[in-house]
Peer 1: 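One structure, as structure tokens, below. Some questions next.
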Amino acid sequence: MADETIEENRLSYRESRPGVVLDEYVQCFAEFAVDPDCPPFDHRIMPDGCCHLSFVRGPGQPMGRLSIVGPRLGPLVVPMRGGQVCWDVKLRPGACEPFLGVRVEDVVDEVVAAAEVTPRAHAAVQSGLTESRSAGDAWRVFAEAFLAWLAAAPPVDPSVARAVRLIEESGGRAPVSEVAAAAGVSERELQRRFQRLVGLSPKQFARIRRLRSCVGNLIREEPEQWGIVAVRHGYSDQAHLTREFAELSGLPPTDLQPYIRSIAHHDVIP
């Protein structure tokens with residue numbers, strides 16, 4: 001499989017926090033870069049429960065393409081080739097509609113051209129991103145556009161924002177009933193609001209967060225045994241963890257690990 005034959009140091013991924021001014025809406029800026037000599041491969045992106053504003057440029061794409069990548073419960077497999085770069089904005093769950101004006105239900109499980117669903121964002125950043133020569137350039141283009149929108153942006157639903165943070169802080173282990181109570185709404189009301197604004201149910205989002213809390217084990221120099229990881233993160237046993245990895249990432253952890261560890265990770269926010 002192509003994923004497992006990528007040489008080390010051919011791929012790199014890094015993240016940068018946007019600062020407190022944008023923190024309500026933006027989780028991070030990111031760059032995924034492919035070495036020019038890397039052969040074509042399929043890039044496997046695990047779900048994170050977020051909407052992304054993503055710009056990809058490379059050989060055959062001199063102008064680049066700006067897309068909205070919606071939340072999903074399974075992997076997104078994207079063909080990549082040497083010299084491509086992706087500059088990305090990871091929005092906080094629940095922020096897509098208030099900040100970009102895009103209904104999550106229109107982009108769940110989809111990759112949609114930004115010009116089709118958020119022409120304002122496309123017009124504001126496309127030219128600047130095309131001219132960017134580095135991740136820093138691209139992140140400044142995004143940030144300048146976003147700062148101009150802040151005054152008119154409605155807040156993220158506070159009950160949803162609170163629920164998201166509680167689920168993230170618990171590593172996906174907090175019961176939905178407790179999350180709803182802490183967010184100040186009934187469980188049924190939280191389910192309704194969460195599904196509409198995040199595109200997933202609270203339980204689905206929790207499954208994703210629990211999986212991602214385990215992913216650090218894939219990139220450690222000396223990873224722990226998976227049975228230990230399973231117990232630490234609340235899975236019933238290693239078989240349960242393996243099933244969750246297979247359903248959410250498309251691969252069991254032992255098969256996903258070689259690909260994840262072939263990527264140089266920098267300043268990654270779990």
Side-chain angles (χ1 to χ4, degrees), residues 1-17 27-28 30-35 38-39 41-50 52 71-78 80 86 88 90 93 163-179 198 200-270:
M1 187 174 75
D3 290 1
E4 297 175 320
T5 60
I6 301 296
E7 296 179 13
E8 290 188 14
N9 302 318
R10 290 294 181 90
L11 314 175
S12 66
Y13 177 76
R14 60 181 173 137
E15 295 181 343
S16 176
R17 292 188 181 275
Q27 184 162 314
C28 70
E31 178 191 55
F32 181 76
V34 183
D35 184 89
C38 185
F41 67 100
D42 289 336
H43 179 37
R44 181 175 295 271
I45 305 171
M46 291 186 300
D48 58 13
C50 301
H52 294 247
R72 60 189 61 241
L73 199 59
L76 175 64
V77 180
V78 182
M80 298 289 286
C86 174
D88 185 87
K90 183 190 294 188
V164 165
R165 290 190 183 275
L166 289 169
I167 293 170
E168 290 178 339
E169 290 169 0
S170 74
R173 298 178 64 177
V176 175
S177 58
E178 293 182 9
V179 171
V198 179
L200 303 164
S201 71
K203 185 175 181 179
Q204 289 172 331
F205 183 70
R207 288 179 64 199
I208 290 170
R209 294 314 308 175
R210 183 158 58 165
L211 177 78
R212 293 188 71 85
S213 70
C214 296
V215 168
N217 199 65
L218 295 171
I219 58 177
R220 292 194 186 104
E221 290 185 7
E222 296 183 4
E224 299 171 297
Q225 294 181 357
W226 285 107
I228 297 173
V229 175
V231 172
R232 176 173 293 132
H233 293 282
Y235 295 100
S236 57
D237 53 26
Q238 185 173 341
H240 181 199
L241 178 148
T242 299
R243 287 195 302 273
E244 284 290 280
F245 261 82
E247 289 184 19
L248 297 175
S249 78
L251 293 172
T254 51
D255 288 346
L256 184 63
Q257 187 168 18
Y259 179 62
I260 294 295
R261 295 192 71 184
S262 73
I263 302 171
H265 291 81
H266 306 282
D267 302 319
V268 176
I269 303 164

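Positions are given from 1, in the same order as the sequence printed here. None of the values given here were measured: they were computed from a predicted structure.
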Peer 1: Atom CE of M46 and atom CG of L218: how far apart are they, to the nearest 0.5 Å?
Peer 2: 6.5 Å
Peer 1: Just to verify, what does E178 make a salt bridge (charged side-chain N to carboxylate O under 4.0 Å, His left out) with, not counting sequence neighbours?
Peer 2: none
Peer 1: Atom CZ in R212, atom CD in E168: separation rounded to 0.5 Å?
Peer 2: 10.0 Å
Peer 1: From W226 CH2 over to F245 CZ, what is the distance, rounded to the nearest 0.5 angstrom?
Peer 2: 4.5 Å
Peer 1: Kindly give the heavy-atom pair with the smallest separation between K90 and D88, and that separation in Å.
Peer 2: N-OD2, 3.6 Å
Peer 1: Would you give the length of the straight line joining atom CD of Q27 to atom CD of E15, rounded to the nearest 0.5 angstrom?
Peer 2: 7.5 Å
Peer 1: Check the pair F41, R10 against side-chain contact (heavy atoms from CB on, under 4.5 Å), reporting the backbone distance first and the verdict last.
Peer 2: CA-CA 11 Å; F41 67 100; R10 290 294 181 90; over 6 Å; no
Peer 1: Considering residues at least two apart in sequence or located in another chain, which fulfil the side chain to side chain donor-acceptor pair (under 3.5 Å) criterion with R210?
Peer 2: none
Peer 1: Apply side chain to side chain contact (heavy atoms under 4.5 Å, CB included) to R165 and list each qualifying residue two or more places apart in sequence or on a separate chain.
Peer 2: D23, R92, E169
Peer 1: Report the residues that fulfil side chain to side chain contact (heavy atoms under 4.5 Å, CB included) with H265, sequence neighbours left out, ordered by chain and then residue number.
Peer 2: Y13, I219, I260, I263, V268
Peer 1: Nearest 0.5 Å, what's the CG-OH distance between L251 and Y259?
Peer 2: 11.0 Å
Peer 1: Indicate the atoms forming the closest heavy-atom contact of I167 with S170, along with that distance.
Peer 2: O-OG, 3.0 Å
Peer 1: Output, in order, the C-alpha distance, side-chain angles, deciding distance and verdict of side-chain contact (heavy atoms from CB on, under 4.5 Å) for H233 and E244.
Peer 2: CA-CA 12 Å; H233 293 282; E244 284 290 280; over 6 Å; no
Peer 1: Evaluate side-chain contact (heavy atoms from CB on, under 4.5 Å) for L73 paired with L248, printing each intermediate quantity in order.
Peer 2: CA-CA 6 Å; L73 199 59; L248 297 175; 3.9 Å; yes
Peer 1: For the CG atom of L241 and the CD1 atom of I228, what is their distance to the nearest 0.5 Å?
Peer 2: 12.5 Å
Peer 1: Apply side chain to side chain contact (heavy atoms under 4.5 Å, CB included) to D267 and list each qualifying residue two or more places apart in sequence or on a separate chain.
Peer 2: none
Peer 1: Ignoring hydrogens and geometry, is there a side-chain-to-backbone donor-acceptor pair from R44 to S249 under 3.5 Å?
Peer 2: yes
Peer 1: Measure the shortest side-chain to side-chain distance between P202 and V179 over non-hydrogen atoms and say whether it is less than 4.5 angstrom.
Peer 2: no
Peer 1: Where do R209 and D48 come nearest, in terms of heavy atoms and distance?
Peer 2: NH1-O, 3.8 Å
Peer 1: Whether the side chain of R207 engages the backbone of G172 through a donor-acceptor N/O pair (distance < 3.5 Å, no angle test) should be reported.
Peer 2: no
Peer 1: I'd like to check D35 versus L11 (side-chain heavy atoms, cut-off strictly below 4.5 Å). Are they in contact?
Peer 2: no
Peer 1: I'd like to know whether V164 forms a side-chain contact (heavy atoms from CB on, under 4.5 Å) with F205, so could you lay out the CA-CA distance, the side-chain angles of the two residues, the decisive distance to 0.1 Å, and finally the verdict.
Peer 2: CA-CA 8 Å; V164 165; F205 183 70; 4.0 Å; yes
Peer 1: Could I get the full list of side chain to side chain contact (heavy atoms under 4.5 Å, CB included) partners for S177, not counting sequence neighbours?
Peer 2: P175, E187
